[in-house]
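These figures come from a predicted structure and were not determined experimentally.
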Amino acid sequence: MSPPETPSQTVGPFFAIALPWAGGAEVVAPGTPGAVWIRGRVLDGAGEPVADALVETWQVGPGGGFGQCATGAGGEFGILTVKPGPLPAPGGGVEAPHLDVSVFARGLLARLVTRIYFPDEAEANAADPVLRGIADTAARATLVAVAEAGGLRFDIRLQGSDETVFFEL
(Lines give C-alpha, C1' and ligand atoms only; values in the text may rest on other atoms or scores of the structure.)
Protein backbone atom coordinates (compact mmCIF):
# COMPACT_ATOMS: atom_id res chain seq x y z
CA MET A 1 0.00 0.00 0.00
CA SER A 2 1.35 3.45 -0.95
CA PRO A 3 1.26 6.41 1.40
CA PRO A 4 -1.32 9.09 0.51
CA GLU A 5 -0.30 11.76 -1.97
CA THR A 6 0.87 15.07 -0.62
CA PRO A 7 -0.07 18.44 -2.17
CA SER A 8 3.33 18.77 -3.86
CA GLN A 9 2.83 15.38 -5.50
CA THR A 10 -0.64 16.21 -6.76
CA VAL A 11 -0.02 19.79 -7.85
CA GLY A 12 3.25 19.54 -9.62
CA PRO A 13 5.82 20.12 -10.82
CA PHE A 14 3.81 19.83 -14.03
CA PHE A 15 3.30 23.50 -14.85
CA ALA A 16 6.67 24.17 -16.43
CA ILE A 17 6.48 20.94 -18.42
CA ALA A 18 2.93 20.73 -19.73
CA LEU A 19 1.49 24.21 -20.00
CA PRO A 20 3.90 26.51 -21.90
CA TRP A 21 3.62 26.80 -25.67
CA ALA A 22 6.19 27.92 -28.25
CA GLY A 23 6.23 31.70 -28.43
CA GLY A 24 4.13 32.05 -25.29
CA ALA A 25 6.62 34.45 -23.76
CA GLU A 26 6.06 36.91 -26.60
CA VAL A 27 2.84 38.84 -26.11
CA VAL A 28 3.96 40.97 -29.04
CA ALA A 29 6.33 40.17 -31.88
CA PRO A 30 9.97 41.21 -31.48
CA GLY A 31 10.46 44.62 -33.05
CA THR A 32 6.97 45.84 -32.16
CA PRO A 33 7.14 49.58 -31.34
CA GLY A 34 7.15 50.01 -27.57
CA ALA A 35 7.96 46.36 -26.91
CA VAL A 36 9.77 45.76 -23.63
CA TRP A 37 11.23 42.63 -22.08
CA ILE A 38 10.23 42.04 -18.47
CA ARG A 39 12.69 39.61 -16.99
CA GLY A 40 12.95 38.29 -13.49
CA ARG A 41 13.29 35.28 -11.29
CA VAL A 42 10.91 33.32 -9.08
CA LEU A 43 12.55 32.78 -5.69
CA ASP A 44 11.44 30.73 -2.69
CA GLY A 45 11.51 31.80 0.96
CA ALA A 46 15.22 31.01 1.25
CA GLY A 47 16.01 33.08 -1.84
CA GLU A 48 16.63 29.97 -3.92
CA PRO A 49 15.40 29.88 -7.52
CA VAL A 50 12.20 27.98 -8.29
CA ALA A 51 13.15 26.08 -11.41
CA ASP A 52 9.76 24.67 -12.36
CA ALA A 53 7.34 27.54 -11.87
CA LEU A 54 5.13 29.09 -14.49
CA VAL A 55 4.53 32.85 -14.81
CA GLU A 56 1.52 34.11 -16.73
CA THR A 57 0.77 37.74 -17.55
CA TRP A 58 -2.27 39.35 -19.04
CA GLN A 59 -3.23 42.87 -19.87
CA VAL A 60 -6.04 44.73 -21.54
CA GLY A 61 -5.97 47.40 -24.18
CA PRO A 62 -4.39 47.79 -27.59
CA GLY A 63 -1.40 45.53 -28.04
CA GLY A 64 -2.31 43.67 -24.87
CA GLY A 65 -2.73 40.02 -24.47
CA PHE A 66 -1.66 36.94 -22.63
CA GLY A 67 1.90 35.76 -22.04
CA GLN A 68 3.31 32.68 -20.38
CA CYS A 69 6.82 31.57 -19.50
CA ALA A 70 8.15 28.61 -17.57
CA THR A 71 11.09 29.35 -15.29
CA GLY A 72 14.52 27.98 -16.10
CA ALA A 73 17.06 26.30 -13.83
CA GLY A 74 17.89 29.65 -12.25
CA GLY A 75 14.22 30.51 -11.71
CA GLU A 76 14.39 33.04 -14.53
CA PHE A 77 11.55 34.04 -16.83
CA GLY A 78 11.02 36.67 -19.51
CA ILE A 79 7.92 38.15 -21.17
CA LEU A 80 8.06 40.45 -24.20
CA THR A 81 5.14 42.83 -24.12
CA VAL A 82 4.09 46.47 -24.45
CA LYS A 83 3.06 48.75 -21.62
CA PRO A 84 -0.73 48.89 -21.37
CA GLY A 85 -2.60 52.12 -20.73
CA PRO A 86 -4.36 53.22 -17.56
CA LEU A 87 -7.67 51.59 -16.63
CA PRO A 88 -10.81 52.94 -15.05
CA ALA A 89 -11.07 51.82 -11.43
CA PRO A 90 -14.19 51.15 -9.39
CA GLY A 91 -15.38 54.35 -7.76
CA GLY A 92 -14.25 56.61 -10.59
CA GLY A 93 -10.49 56.41 -10.07
CA VAL A 94 -7.83 55.36 -12.54
CA GLU A 95 -5.48 52.41 -12.20
CA ALA A 96 -1.90 52.96 -13.33
CA PRO A 97 -0.64 50.88 -16.25
CA HIS A 98 0.14 47.40 -14.99
CA LEU A 99 0.28 43.73 -15.93
CA ASP A 100 -1.69 41.15 -14.02
CA VAL A 101 0.43 38.14 -13.09
CA SER A 102 -0.29 34.57 -11.99
CA VAL A 103 2.40 32.32 -10.55
CA PHE A 104 2.05 28.55 -10.48
CA ALA A 105 4.65 26.51 -8.65
CA ARG A 106 5.23 23.21 -6.95
CA GLY A 107 3.49 22.99 -3.60
CA LEU A 108 1.00 25.76 -4.33
CA LEU A 109 -2.57 24.53 -4.25
CA ALA A 110 -3.76 27.68 -6.00
CA ARG A 111 -2.09 30.23 -8.24
CA LEU A 112 -0.64 33.35 -6.70
CA VAL A 113 -1.81 36.62 -8.20
CA THR A 114 0.15 39.84 -8.26
CA ARG A 115 0.78 42.84 -10.51
CA ILE A 116 3.71 44.45 -12.28
CA TYR A 117 3.68 48.26 -12.33
CA PHE A 118 6.01 50.36 -14.47
CA PRO A 119 8.79 52.44 -12.89
CA ASP A 120 8.35 55.34 -15.33
CA GLU A 121 4.77 55.92 -14.10
CA ALA A 122 5.56 57.44 -10.68
CA GLU A 123 2.63 59.88 -10.74
CA ALA A 124 0.13 57.29 -11.96
CA ASN A 125 1.48 54.71 -9.48
CA ALA A 126 1.06 57.20 -6.61
CA ALA A 127 -2.60 57.66 -7.57
CA ASP A 128 -3.33 53.97 -8.23
CA PRO A 129 -5.98 52.78 -5.75
CA VAL A 130 -4.49 49.29 -5.44
CA LEU A 131 -0.98 50.56 -4.69
CA ARG A 132 -2.34 53.22 -2.34
CA GLY A 133 -4.16 50.47 -0.46
CA ILE A 134 -0.83 48.90 0.57
CA ALA A 135 0.30 50.85 3.65
CA ASP A 136 3.80 49.34 3.84
CA THR A 137 5.98 51.23 1.33
CA ALA A 138 8.50 48.38 1.15
CA ALA A 139 5.72 45.91 0.32
CA ARG A 140 4.29 48.35 -2.25
CA ALA A 141 7.70 48.57 -3.91
CA THR A 142 7.65 44.81 -4.59
CA LEU A 143 5.02 45.51 -7.27
CA VAL A 144 7.05 48.04 -9.27
CA ALA A 145 9.50 46.69 -11.84
CA VAL A 146 13.01 48.09 -11.98
CA ALA A 147 14.51 49.51 -15.18
CA GLU A 148 17.63 47.71 -16.35
CA ALA A 149 19.57 47.42 -19.58
CA GLY A 150 17.37 45.80 -22.18
CA GLY A 151 14.07 46.19 -20.34
CA LEU A 152 12.61 45.81 -16.89
CA ARG A 153 13.34 43.48 -13.99
CA PHE A 154 10.65 42.01 -11.74
CA ASP A 155 11.67 39.31 -9.27
CA ILE A 156 8.90 37.35 -7.58
CA ARG A 157 9.64 36.27 -4.01
CA LEU A 158 7.19 33.65 -2.79
CA GLN A 159 7.96 34.08 0.93
CA GLY A 160 10.20 35.91 3.35
CA SER A 161 10.77 39.44 4.57
CA ASP A 162 10.74 40.89 1.04
CA GLU A 163 7.89 38.69 -0.21
CA THR A 164 6.08 40.01 -3.26
CA VAL A 165 2.59 41.29 -2.51
CA PHE A 166 -0.02 38.77 -3.65
CA PHE A 167 -3.75 39.41 -3.87
CA GLU A 168 -6.69 37.28 -2.76
CA LEU A 169 -9.30 36.76 -5.43
List the atom of A105, the atom of A53, and the distance in Å for their closest heavy-atom pair.
-> CB-CB, 4.0 Å
Minimum heavy-atom distance between V94 and P86, given as atom pair plus value = CG1-CB, 3.5 Å
Counting N and O atoms only, with roles assigned by atom type, does the side chain of R132 sit under 3.5 Å from a partner on the main chain of A127, one being a donor and the other an acceptor?
-> yes
Using a distance-only test with no angle check, is there a side-chain donor-acceptor pair under 3.5 angstrom linking T142 and E163?
-> no
How many angstroms lie between CG in L143 and CG in L99, if you round to the nearest 0.5 Å?
-> 12.0 Å
Does the pair E95/R115 count as a salt bridge with the N-to-O cut at 4.0 Å?
-> yes
Going only through I, L, V, M, F, W and Y residues with side-chain contacts under 4.5 Å, is there a path from I38 to V101?
-> yes
Would Q59 and H98 count as a side chain to side chain contact (heavy atoms under 4.5 Å, CB included) if you check the C-alpha gap in whole Å, the side-chain angles of each, and the deciding distance to 0.1 Å?
-> CA-CA 7 Å; Q59 62 198 78; H98 66 272; over 6 Å; no
Tested for side-chain contact (heavy atoms from CB on, under 4.5 Å) against V42, the lone hit among L112, D52, L158, D155 is L158
In the single-linkage hydrophobic clustering (I, L, V, M, F, W, Y; side-chain heavy atoms under 4.5 Å), do V50 and F77 co-cluster?
-> yes
Compare all side-chain heavy atoms of L152 with those of F118 and state whether any distance is below 4.5 angstrom.
-> yes
Can you check whether V113's main-chain N or O pairs, donor with acceptor, with S102's side chain at less than 3.5 Å?
-> no
Check: L131 main-chain N/O paired with R140 side-chain donor or acceptor under 3.5 Å | yes
All heavy atoms of A89 vs all of P129, minimum pair found to be CB-CG, 3.8 Å
Worked check of side chain to side chain contact (heavy atoms under 4.5 Å, CB included) between V55 and F104 = CA-CA 7 Å; V55 176; F104 301 86; over 6 Å; no
Intermediate values then yes/no, side chain to side chain contact (heavy atoms under 4.5 Å, CB included), T71 and L54 | CA-CA 6 Å; T71 58; L54 182 73; over 6 Å; no
Are any of the side-chain nitrogens in D120 or K83 under 4.0 Å away from the carboxylate oxygens of its partner?
-> yes
Report the distance from atom OG1 of T57 to atom CD of Q68, rounding to the nearest 0.5 Å.
-> 9.0 Å
What is the distance from atom CG of L80 to atom CD of E26, rounded to the nearest 0.5 Å?
-> 5.5 Å
Do F166 and F154 sit in the same hydrophobic cluster, where Ile, Leu, Val, Met, Phe, Trp and Tyr count as joined when their side-chain heavy atoms come under 4.5 Å apart?
-> yes
Rounded distance [0.5 Å steps], CH2 in W37 versus CD in E148 | 12.5 Å
Rounded to the nearest 0.5 Å, how far apart are CG of D100 and CZ of F167?
-> 9.0 Å
For A96 and N125, the nearest pair of non-hydrogen atoms, with its separation, is CB-OD1, 3.3 Å
E76 side-chain N/O to G74 backbone N/O, donor-acceptor pair under 3.5 Å = yes
Do V82 and T32 pass the side chain to side chain contact (heavy atoms under 4.5 Å, CB included) test, and can you show the C-alpha distance, the side-chain angles, and the key distance before you say yes or no?
-> CA-CA 8 Å; V82 293; T32 299; 4.2 Å; yes
V165 and T114: which non-hydrogen atoms are nearest, and at how many Å?
-> O-OG1, 2.6 Å
Nearest heavy-atom pair of A35 and V28: which atoms, and what distance?
-> CB-CG2, 3.9 Å
Could you state whether I156 and I116 fall into the same hydrophobic cluster, counting links through intermediate Ile, Leu, Val, Met, Phe, Trp or Tyr residues with side-chain heavy atoms under 4.5 angstrom apart?
-> yes
